[in-house]
J.: 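Questions regarding the structure given below will be posed in turn.
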Amino acid sequence: MSKTMVDAKVVCQIVLSEDVKLIEVFAPDIACIAQPGQFVNVQVSKQAAPLLRRPFGVAEVNREKGTFTMIYRIMGEATKILANICNNDFINIIGPLGHGFSLNAKRPLLVGGGLGLAPLVYLAQSFSKDSVEIVMGGRTAKELFWTELFSDKVNIMHITTDDGSQGTKGTVNAVLPQLLKSGKYDCVYVCGPVPMMQAVAKVVETAGIPCQVSLEKYMACGLGACLSCSCGGVGKRLKVCTDGPVFWSTEVEEW
Amino acid sequence: MSKTMVDAKVVCQIVLSEDVKLIEVFAPDIACIAQPGQFVNVQVSKQAAPLLRRPFGVAEVNREKGTFTMIYRIMGEATKILANICNNDFINIIGPLGHGFSLNAKRPLLVGGGLGLAPLVYLAQSFSKDSVEIVMGGRTAKELFWTELFSDKVNIMHITTDDGSQGTKGTVNAVLPQLLKSGKYDCVYVCGPVPMMQAVAKVVETAGIPCQVSLEKYMACGLGACLSCSCGGVGKRLKVCTDGPVFWSTEVEEW
Amino acid sequence: MVKNLYDNRLAVNIGGLKMLTPVTTASGTFGFGLEFQDFLDLEKVGAVTVKGTTLEPRAGNKGQRAVETPAGMLNCVGLENPGAEYFLQETLPKLKMINVPIIVNIAGNTPEEYGELAKKLDVEGVDAIEINISCPNVKQGGLAFGTCAISAVQVVEAVKANTSKPVITKLSPNVTDIVEIALAVEKAGSDAVSLINTLLGMKIDINKQKPILGNVMGGLSGPAVRPVAVRMVYQVAQAVQIPIIGMGGIMCAADAIEFLLAGASAIAVGTGNFCDPRLAETISHGIIEYMDAKGISNIHDMIGKALPNR
Amino acid sequence: MVKNLYDNRLAVNIGGLKMLTPVTTASGTFGFGLEFQDFLDLEKVGAVTVKGTTLEPRAGNKGQRAVETPAGMLNCVGLENPGAEYFLQETLPKLKMINVPIIVNIAGNTPEEYGELAKKLDVEGVDAIEINISCPNVKQGGLAFGTCAISAVQVVEAVKANTSKPVITKLSPNVTDIVEIALAVEKAGSDAVSLINTLLGMKIDINKQKPILGNVMGGLSGPAVRPVAVRMVYQVAQAVQIPIIGMGGIMCAADAIEFLLAGASAIAVGTGNFCDPRLAETISHGIIEYMDAKGISNIHDMIGKALPNR
Ligand SMILES: Cc1cc2nc3c(=O)[nH]c(=O)nc-3n(C[C@H](O)[C@H](O)[C@H](O)COP(=O)(O)OP(=O)(O)OC[C@H]3O[C@@H](n4cnc5c(N)ncnc54)[C@H](O)[C@@H]3O)c2cc1C
Ligand SMILES: Cc1cc2nc3c(=O)[nH]c(=O)nc-3n(C[C@H](O)[C@H](O)[C@H](O)COP(=O)(O)OP(=O)(O)OC[C@H]3O[C@@H](n4cnc5c(N)ncnc54)[C@H](O)[C@@H]3O)c2cc1C
Ligand SMILES: Cc1cc2nc3c(=O)[nH]c(=O)nc-3n(C[C@H](O)[C@H](O)[C@H](O)COP(=O)(O)O)c2cc1C
Ligand SMILES: Cc1cc2nc3c(=O)[nH]c(=O)nc-3n(C[C@H](O)[C@H](O)[C@H](O)COP(=O)(O)O)c2cc1C
Ligand code: FES
Ligand code: FES
């Protein structure tokens, strides 16, 4: 399970919404060993600016083809450049990085919001479809292109939107307590904005169910060397890039 | 004759040799007023690096199509990026800039070496074909793709190569004194490396013929504002970007 | 004067100099302004700061004068200029025909020379004096004055004694403690400070194995230096009472806003003029857009907003 | 030890520390070296300079610790480290199994603390001490020592008195005159100097109207600062006799060569490690290629080649 640096060929890019794209790259060395929850560090340009690599979660893996995908939101300089990269061009990628999700659950519940849903695609893929349920939170129905991505990978989808334009109105916590009461789940996996993860973790912990969260911190190296991504854990410092990005919710003290 | 800044659409790029390309851009506002010897300042990227625009001579103009071409050697960062720009992409260009060649000659002799031949293409275009002769200097025959570019624009081509692989062996000065003796020419136009221009100017001045040279200096603004390109003229400072790049050889003191 | 340019929402007063927008141009990067008239309307710029002027004409440095560096550039122009007399006779009359405040950037070899120059320029059409005590590209004067509080004070006093115009002192970033110098020139009577001038840098041609610039070292400017510039503005803003003109790597409205939030009351576009000659005009529109998006009615409501306890 | 790595053409001696290639790693950018073993062979690096170490463990700064800037980055890690004891017990044994010199970068709150730390680290497996008197990211100690010649000297003397290892003093670029500090630490007995540490800078989030970094200010590194770093190496090389380790924005062999020509006897790869984790190894090959192309047989024939009168 060692990290490698490869020039990955872009297989295709797909527009998922106004500002979200999916990119598939050919990189067998990474695809064959990447675990759900791990991420890669992508160099979008050889120029001095933008300088740093950008971290993206592994969203789907196709080991036969030797490819994997990333789903990204066009935010700033680097993602704008990434969005304009053509098929068959090469991008330099380091991966797989970090520590992924525990795959021991028998009846997993996935909870994701926004781009936090990206790594959950691969996580869902790794369980047997019948056993997985997902709660997806979004701002409006427009952002819920995710349903297509998850439809063949999960058993039940619970949808919430901030404006009620699809599913239940509110955040994921509008449906979560009810779901947890059923006692169906043996592990909850959460990825999304920090306030959402904190709120979910609280509810899940209260219900006595183990909960994994996937953190995001600004990263310079992605290799555990620079301590840019360090955060306070219970009794020790944690490096999000190597100790995480996935942690048990009870391990994290300073989110 | 005012300068403009335009987003010019790339019509096509043509590979002329291993490291030289021709780019044609659609920019009617510039094409319609550009004079031979003038140049443009090109922004190859919107990123912070490479930061500055790059100056290139106007090599050919097609006023009907509203296009002009530049011929460039792939040298460093900016020209590498330029070489990869696709048809129909846009590049931001400021021009036309500077002060071009005098077009009053009746029997002009053009003398060019290396990429210095680029602005001479448009200059040749501006005279009646029968009246123009050109001396072209190059390192080896391989670099003399120029002959094709000039063949329909000049009456006689004199070729020299450093290694004798085409035409006369040596620099342009190997043939120049002989040619000047004929008394045929009323103006000599030179563009190429500084030592070459200095040597040619000396010979031409000695023969009593007016001589124009086109200088190259590192330029930051191209607008006469920053004084990066300043050089010593006779009795005054000259700005290569606005007073030049074309000067009478006798105007220039510090090349 | 276009009295309510930008609906007066952007108007600032820099130590007595009234500007209708906080956007000015950095000396040496905008010529005398006239060079940019094909691209923008000078009357929509807050003030034009012209090229560094000296008593006598100067030829500047020999050899290569500029070179690009990562997200920046080095220059060693060395204060080439036609001298104060020429400026007054030839350039100022042209500038007077344009309705925009003119800031003249001055440099000299001794405090007395700065004083003499200030006196000469104390004429109609010159709206403020910017004292350049921070040019890294000339041997005499220049940087030396700017890196020592005592000599900086001498220059400011000499200028103040000889002019009726607002005096802006331009500070060098090549110092251990810019706050100390800023406080000293404030005490000496400077009406405002501008910062930063260029960072001293160099580049070597590894093929020729020699420095690239004719003057060996040059001044680093452009986006590369912006984090240093913002930091210095933020530090100085917490120490002085006089207004600050912030500059260093401003390439768009967002960059300008960073400086305003850090405590600058005005900003200057420098190297950015080379990349986009319209920038000194368009940046004001970008600031207005930002203010509208944030519900800020007047520029003063955002100046220094990122400082502690605001 | 691979005795004739690079045919011994690159071997240098940095104040007693023998390196088979002039390429080392900048403290804080390469962890303890072990993090990079998937990408390069540590034994092909001239020396590994490890993360800044303090007497007691430190948690570092809160909030966001890094942010990109044009051609650079700011960091305010704030010397997070597990402390000297942990380093000696847990990390050093692992490093000892690798055949590469180890330079330990140290920081303290007082000269005495630096001395104590040096004594603790005066053990087998530690090959040199780099004194960090230039960290901009900690309140006590750090930068303050590096911007004043007197306190810099006190720290160097305290360290020298407590170690048998070669001592390298790492200089801050946030000073008016780096040559003055370099001369002072040379006189105090430092066996070498390394430069530059980061430039103090900051960035503001214009949306939140607050500084981005948890510690408000941070250290600027990367290609953006290279012109400043090369200039400082060039200046210091003309003043001191002790060897210089040059760093600041080295991203490829050509950049490293610039520092060598400017007078550095060794160079360190910092931020460049984040962009290309192989860089600290591949750069040596690039230097060899350059030497071959130029007909230079030994690295010493190119060190300082761009200095005046060489
Ligand atoms: C472990 C991890 C996994 C991620 N997975 C995904 C994903 O699957 N899909 C997705 O769209 N985004 C993901 N992100 C976020 C993604 O890295 C940023 O959106 C991207 O870097 C933005 O770069 P930019 O230049 O376009 O925008 P910028 O304008 O530079 O930044 C926009 C935002 O991204 C953050 N950011 C920028 N650079 C970094 C960096 N080096 N490290 C961390 N954050 C950064 C900034 O703090 C800012 O909030 C992940 C981040 C981390 C740390
Ligand atoms: C008026 C003028 C007209 C020119 N016309 C042509 C032309 O028709 N065809 C052509 O191939 N080249 C021309 N050049 C040169 C061209 O500008 C450079 O080759 C180009 O800028 C190289 O950029 P780069 O980033 O690829 O290479 P770099 O590695 O940045 O530089 C390679 C060489 O180009 C020079 N250069 C880089 N930037 C500039 C600049 N801003 N101003 C001047 N020189 C610079 C450098 O000094 C160096 O010698 C002209 C230059 C000038 C001043
Ligand atoms: C080519 C050039 C010439 C300059 N000339 C002067 C000058 O004459 N006087 C002065 O005070 N500053 C001069 N400067 C410094 C700028 O005014 C400004 O302080 C600096 O470039 C930082 O801003 P920027 O990064 O936006 O360019 C010059 C800068 C450049 C790039
Ligand atoms: C994330 C980070 C952490 C750093 N930590 C230290 C440190 O602990 N001790 C130290 O002396 N320098 C530290 N530095 C400074 C570097 O060692 C180096 O001097 C500086 O980054 C300039 O080199 P560069 O531009 O190649 O990165 C750190 C730099 C970075 C980017
Ligand atoms: S990003 Fe460098 S240690 Fe995590
Ligand atoms: S390039 Fe700026 S004055 Fe000529």
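Quantities reported herein were computed from a predicted structural model and do not represent experimental measurements. Naming: A, B, ... by sequence-line order, numbering from 1 per chain. Side-chain atoms are counted along with the backbone in the values below, which use heavy atoms only and exclude waters and symmetry mates.
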J.: Among C/V228, C/T271, C/V225, find the residue that satisfies the side chain to side chain contact (heavy atoms under 4.5 Å, CB included) test when tested with C/L220.
T.: C/V225

J.: Please determine if B/R139 and B/D162 form a salt bridge, counting it only when a charged side-chain N lies under 4.0 Å from a carboxylate O.
T.: no

J.: If you count heavy-atom pairs under 4.5 Å between each of C/P70, C/G72, C/G60 and chain B, which one has the most?
T.: C/G72

J.: Do the side-chain N and O atoms of B/E205 and B/S249 include a donor-acceptor pair separated by under 3.5 angstrom?
T.: yes

J.: In terms of heavy-atom proximity below 4.5 Å to chain B, should C/F39 be classed as side chain, backbone, both, or neither?
T.: side chain

J.: Against chain C, work out which of B/A49, B/C229, B/A220 has the most heavy-atom pairs shorter than 4.5 Å and name it.
T.: B/A220

J.: Which region of C/F32, side chain (C-beta onward) or backbone (N, CA, C, O), has a non-hydrogen atom less than 4.5 Å from a non-hydrogen atom of chain B, or is it both or neither?
T.: neither

J.: Of B/V190, B/V203, B/V111, B/T250, which meets side chain to side chain contact (heavy atoms under 4.5 Å, CB included) against B/C211?
T.: B/V190

J.: In terms of ring plane angle, is the pair B/Y189 and B/F101 parallel, tilted or perpendicular, where the classes change at 30° and 60°?
T.: perpendicular

J.: Using a cut-off of under 4.5 Å on heavy-atom pairs, state which of C/E68, C/R278, C/E35, C/M251 scores highest against chain B.
T.: C/E68

J.: Side chain, backbone, both or neither: which part of C/E80 has a non-hydrogen atom closer than 4.5 Å to chain B?
T.: both

J.: For B/M197 and B/L215, run side chain to side chain contact (heavy atoms under 4.5 Å, CB included): C-alpha distance rounded to whole Å, both residues' side-chain angles, the deciding distance at 0.1 Å, then the answer.
T.: CA-CA 9 Å; B/M197 291 196 288; B/L215 299 193; 3.8 Å; yes

J.: Which atoms of B/K239 come close to chain C, meaning under 4.5 Å heavy atom to heavy atom: side chain ones, backbone ones, both, or neither?
T.: side chain

J.: Quick one: of B/R53, B/M5, B/Q43, who has the most non-hydrogen atom pairs under 4.5 Å with chain C?
T.: B/M5

J.: Let me know if B/T242 has heavy atoms under 4.5 Å from chain C in its side chain, its backbone, both or neither.
T.: neither

J.: Are there over 12 heavy-atom neighbours, none belonging to C/K96, within less than 6.0 Å of that residue's NZ?
T.: yes

J.: Check each atom of B/E254 against the heavy atoms of chain C and say whether the ones under 4.5 Å are side chain, backbone, both or neither.
T.: side chain

J.: Between C/T29, C/V67, C/L34, who has the most heavy-atom pairs with chain B when the cutoff is under 4.5 Å?
T.: C/V67

